[in-house]
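Single-structure report; data block below.
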Amino acid sequence: MCLRAYLLPCFIFFSFSLFSQTHSRIKADFTIKEKTLEGKNLLVSGSVYYDINQKKIVYDISFPEKEIWVIEDTTFYQISKGKITHRNKATLLPETSVFHLSITNNLGDFGLKNRFYKITDVQKEGDMVITALTPPTKYSTSLKKILISQKQRMLYGVAIYNHKNQLTVKEIYSEYKKVQDINFPVELMQITYKGKKEINKLTTYKNIVLDEKDNNSFYNYKLPR
């Protein structure tokens, strides 16, 4: 399934540790609508669970078919009827997902302030602040720059340019919901550029819950052996 490779922003690969208040869990219902390179429309929906101590993201898929998707360490697992049916390299780490960044209050600047990225330019356009950053040397062979736009100190957009200065991925966080003391992006549009073509993926979240005590079987999900 094409959506397996684009579950979450594939370019979020930084780690973070500073936060003002600790939340241990987040749950949300989600829907992913994707238009593929071939022009096909795909739809996936279900619930997602993240426990900051377990360091894994667990998707309980209800549509189009019942499955479990797990991202743990650097591996993505697809599980059906209690058996692992697919195993691939993950495109992100759980600790660098939108779930981790949100509950640790690091989403506002994409977490880059903690990863030695150098600010090369800052511009203001209306109520939006756009910051250009260049990556550390170890990322320079794949990345040229990252543009981050903020509205009212909240992340609005991210644009990733490769080492050839070509735009490869763009995301727009167009709507947030206040859940206790965090602002969680409930609508996210991701555009992935493949030459002159693009993949459009819209992810929406609802029924967001922090620090719930139930659903331990998902938060502590054990992979089949």
Side-chain angles (χ1 to χ4, degrees), residues 1-16 30-44 48 57 59 69 71 74 76 88-102 106-121 123 125 128-151 154-176 184-205:
M1 184 177 295
C2 180
L3 277 163
R4 294 201 304 267
Y6 302 100
L7 273 171
L8 290 172
C10 62
F11 48 84
I12 303 181
F13 42 76
F14 314 100
S15 61
F16 316 94
F30 73 92
T31 299
I32 299 174
K33 298 178 181 179
E34 180 181 330
K35 188 171 184 178
T36 68
L37 288 173
E38 297 76 22
K40 295 181 180 180
N41 293 311
L42 302 178
L43 176 66
V44 173
V48 58
I57 306 171
Y59 295 85
W69 295 348
I71 299 175
T74 60
F76 167 79
N88 299 300
K89 184 176 177 59
T91 55
L92 75 154
L93 299 176
E95 291 175 87
T96 63
S97 67
V98 67
F99 311 111
H100 187 92
L101 293 179
S102 294
N106 279 309
L107 184 63
D109 67 350
F110 207 48
L112 297 182
K113 66 181 181 182
N114 298 326
R115 295 300 297 169
F116 307 107
Y117 275 67
K118 181 180 179 181
I119 296 176
T120 56
D121 187 41
Q123 297 184 13
E125 297 182 3
M128 186 181 299
V129 177
I130 302 173
T131 304
L133 304 101
T134 56
T137 303
K138 64 180 178 179
Y139 296 134
S140 61
T141 57
S142 58
L143 289 176
K144 175 68 174 181
K145 65 181 177 182
I146 299 176
L147 299 182
I148 298 174
S149 58
Q150 296 173 308
K151 285 185 177 182
M154 291 192 294
L155 184 66
Y156 175 77
V158 178
I160 306 296
Y161 292 79
N162 64 18
H163 65 288
K164 297 180 180 180
N165 206 30
Q166 298 169 327
L167 180 62
T168 57
V169 182
K170 180 169 62 178
E171 287 197 337
I172 299 174
Y173 300 74
S174 58
E175 186 176 346
Y176 281 81
F184 189 85
V186 295
E187 186 169 295
L188 168 62
M189 170 61 77
Q190 182 189 62
I191 304 171
T192 303
Y193 297 91
K194 301 288 187 179
K196 295 183 179 180
K197 296 184 178 181
E198 59 186 50
I199 299 171
N200 293 282
K201 179 170 70 72
L202 176 65
T203 304
T204 55
Y205 298 98

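We count residues from 1, following the sequence as given. In this text the structure is predicted, and so the values were computed from the model without any measurement.
- Ala90 approaches Ile71 most closely through the heavy-atom pair CB-CG2, 4.0 Å.
- With sequence neighbours excluded, the residues satisfying ring-ring contact (aromatic ring centres under 6.0 Å, His included) with Phe184 are Tyr205.
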For this session: Would you please test Lys170 and Ile191 for side chain to side chain contact (heavy atoms under 4.5 Å, CB included) and show each step?
Result: CA-CA 5 Å; Lys170 180 169 62 178; Ile191 304 171; 4.1 Å; yes
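- In this structure, CG in Asn106 is found 6.5 Å from CG in Leu101, a value given to the nearest 0.5 Å.
- Nearest heavy atom pair, residue Ile130 against residue Ser149, reads CG1-CB, 4.1 Å.
- In this structure, CD in Gln123 is found 9.0 Å from CG in Leu147, a value given to the nearest 0.5 Å.
- No donor-acceptor pair closer than 3.5 Å links the side chain of Thr31 to the backbone N or O of Thr204.
- A side-chain contact (heavy atoms from CB on, under 4.5 Å) with Lys35 is found for exactly one of Ile199, Leu42, Asn41, Leu202, namely Asn41.
- Between Val169 and Leu167, the closest heavy-atom pair is O-CD1, 3.6 Å.
- Distance check: Phe99 CZ to Leu107 CG gives 11.5 Å after rounding to the nearest 0.5 Å.
- Atom CD in Glu175 sits 13.0 Å away from atom CE in Met189 (nearest 0.5 Å).
- Between Glu95 and His100, the shortest heavy-atom contact is O-CD2, 2.9 Å.
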For this session: Any chance you could lay out the side chain to side chain contact (heavy atoms under 4.5 Å, CB included) test for Tyr117 and Leu143, step after step, and finish with the verdict?
Result: CA-CA 11 Å; Tyr117 275 67; Leu143 289 176; 3.9 Å; yes
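- With rounding to the nearest 0.5 angstrom, the CG atom of Leu155 is 9.0 Å from the CG atom of Leu188.
- Annotation: side chain of Lys145 is not in contact with side chain of Thr120 (no heavy-atom distance under 4.5 Å).
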For this session: Let me see the working for Ile32 and Tyr59 under side chain to side chain contact (heavy atoms under 4.5 Å, CB included), right down to the final yes or no.
Result: CA-CA 12 Å; Ile32 299 174; Tyr59 295 85; 5.8 Å; no
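- His163 is not listed as a side-chain neighbour of Thr141, based on a closest heavy-atom distance of 4.5 Å or more.
- Rounded to the nearest 0.5 angstrom, Glu187 CD and Ile172 CD1 are separated by 10.0 Å.
- Listed here is the closest heavy atom pair of Asn165 and Tyr161: O-CD2, 3.6 Å.
- For the pair Ile57/Trp69, no side-chain contact is recorded, criterion being any heavy-atom separation below 4.5 Å from C-beta on.
- The side-chain hydrogen bond (donor to acceptor under 3.5 Å, both in side chains) test with Thr36 singles out one residue from Glu38, Glu34, Lys40, and that residue is Glu38.
- What you find for Gln150 and Gly108 is that their closest heavy atoms are NE2-O, 2.7 Å.
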